[in-house]
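Below: the structure, in structure tokens.
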2 protein chains.
Amino acid sequence: MTPQRIAPQALYQEVAERLRQRIFAHELPPGQPIDELRLAAEYGISRTPLREALKVLAAEGLVTLVPRRGAFVSQISASELDAIFDVLAVLEGHAARRAAERLDEEAAKRLRRLHQRLEETARAAAIDAFFEANQAFHAEVLRLANNPFLSSTIQDLRQKIRLSRHHSLYDEGRLERSLQEHRELLAALLEGEAEAAERCMREHLRSGREAIAHLRRDATPTLDTEESS
Amino acid sequence: MTPQRIAPQALYQEVAERLRQRIFAHELPPGQPIDELRLAAEYGISRTPLREALKVLAAEGLVTLVPRRGAFVSQISASELDAIFDVLAVLEGHAARRAAERLDEEAAKRLRRLHQRLEETARAAAIDAFFEANQAFHAEVLRLANNPFLSSTIQDLRQKIRLSRHHSLYDEGRLERSLQEHRELLAALLEGEAEAAERCMREHLRSGREAIAHLRRDATPTLDTEESS
DNA sequence: AAATATAATATGTAATCCATAATTATGGAA
DNA sequence: TTCCATAATTATGGATTACATATTATATTT
């Protein structure tokens, strides 16, 4: 009956991963309603694990659960993006400050190596690799800040904009701009200039927000979920 | 069979509320393991709604879910408190800054009225009422900051320390100290001095953190969840 | 007495069932 | 013919039950 799945992870997690991929591939576009019965039938499972999966994705911000109306692929409005980036800039800025305060030799070495990856992937115009390297660098800054609650809060917010953020590096010139900002940030961190590091990080975030805005102007005229009422 | 519960809200929500009360009343003390079968039997329900309730409480930070080991009433260590307050100070400070920037006549009036409650309840030494009034004032600042993500992020973090925070106002002199800090904060807000408002709010949070620390020295010698390994 | 194996217990997961709200279709009246 | 009301259908939300698996406790053997 069930050929694969010998020592399976939880079914709902498997389903969540499949849906995640379909959402990121825009096979399920933002705003798309998700028909539980149809999907469950398609996957040959009952509704329970599917609903569990949807709850997980809702917690990640990928889908939105509307009571009695069902699940929809999340859609983020421009104003919501602004609001999230406003908070993220403050938090990541704070992380950079703390990181600069706590920097030691080991950490400096790690940051230099991670930054090196950025330089290399940027020179090769390897966008996906640059994206990865960028993630790693920011993760190291968070690690340095040494505050698990700061980290998890930032992670939660990042997750919400992940869908929007993913393609912004393909924007003309964004990669070079990001690299330059990283150079300045790295310099401030290595010098232990907490104030400057915070400022650089905030600016970096602001710049990232604008890259997305720029993208959207080209792509889609209006994206807002219904906010009128 | 089921006497009350005519048009009930979700059973798991009802259960979550009951557990919440028992936790806040310390009837279920921090660290206490939660026996699903026993509790389900006690409430006369199946495990499913109980487990749903536990998931909700886990998201709120009131209980901790350990895989394959079960649920425990959350216990927050001193260092975790520090970490949370560090983030909260940054976020609430930012909220105060934005609030000061966006202040108008209506808002000023509301803030004055809310602060008036603080003055009155403090004079009457009505600690619970002061606690309520304090919550309302901070909520208004958040409302003014006009960023739903900032609000919800702060709410999430507050929830985690709610258990610790609740009794700190009973500490000798804490109420007066808090009131004085609020006076300065209000002044900064009403003058639209964003910088000062942020500074006051951060200081207010730092002070709140210390009040808890002070309490703990009296009450419990060591509270840390196992962090050694 | 210690270690390993086995039994008992509790948790994690999923399928089925039932209740309720929302949507759609149908019929009647203006 | 069109609009509104009501009924029927459909989909979602919630909960009991059942089953698989990991952990813990106990007993037996070395």
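Chain naming here is simple, since letters A, B, ... match the order of the sequence lines and numbering starts at 1 in each.
Within a 6.0 Å radius of CD in E42(B), more than 12 heavy atoms belonging to other residues, nucleotides or ligands are found.
Rounded to an integer number of Å, the gap from CZ of R38(B) to P of dA10(C) is 11 Å. Atom pair Y43(A):OH and dA14(C):P shows a separation of 15 Å (rounding to whole Å applied). Nucleotide dT9(D) holds its P atom 17 Å from the CG atom of L37(A), rounded to whole Å. Per the geometry, CD belonging to Q9(A) stands 14 Å off P belonging to dA22(D), to the nearest Å. Atom CD1 in I34(A) sits about 12 Å away from atom P in dG13(D), given to the nearest Å. Straight-line distance from the CG atom of D35(A) to the P atom of dA22(C): 17 Å, rounded to whole Å. Distance L65(B) CG to dA10(C) P: 17 Å, rounded to the nearest Å. In this structure, E52(B) atom CD and dG12(C) atom P are separated by 12 Å, rounded to whole Å.
The base of dT12(D) sits within donor-acceptor range of the side chain of R68(A), with an N or O pair under 3.5 Å.
OP1 or OP2 of dA15(C) has not a single side-chain nitrogen or oxygen of R47(A) nearer than 4.0 Å. Under 4.0 angstrom from either OP1 or OP2 of dT11(C) there lies no side-chain N or O belonging to R69(B). Regarding contacts with the backbone of dA14(C), every side-chain N or O of T48(A) stays at 4.0 angstrom or more from both OP1 and OP2.
Listed candidates were dG13(D), dA15(D), dA15(C). Nearest to the side chain of S46(B) is dA15(D). Distances were taken from every side-chain heavy atom of E36(A) (C-beta onward) to each of dT12(D), dA15(D), dT16(D); the shortest belongs to dT12(D). Of the candidate nucleotides dA15(C), dT11(C), dA15(D), dA15(D) has the atom lying nearest to any side-chain atom of P49(B).
Looking only at atom types and distance, the side chain of Q155(A) has no donor-acceptor partner in the side chain of Q159(A) under 3.5 Å away. There is no side-chain donor-acceptor pair under 3.5 Å between R143(B) and S151(B). Side-chain contact of H204(A) with H182(A): a donor-acceptor pair under 3.5 Å is present, judged by distance alone.
Across all strands, V15(B) comes closer than 4.0 Å to no nucleic acid atom at all (heavy-atom distances).
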Intermediate values then yes/no, salt bridge (Lys or Arg N to Asp or Glu O under 4.0 Å), E92(B) and R158(B): CA-CA 11 Å; E92(B) 296 226 37; R158(B) 281 224 193 112; 3.0 Å; yes
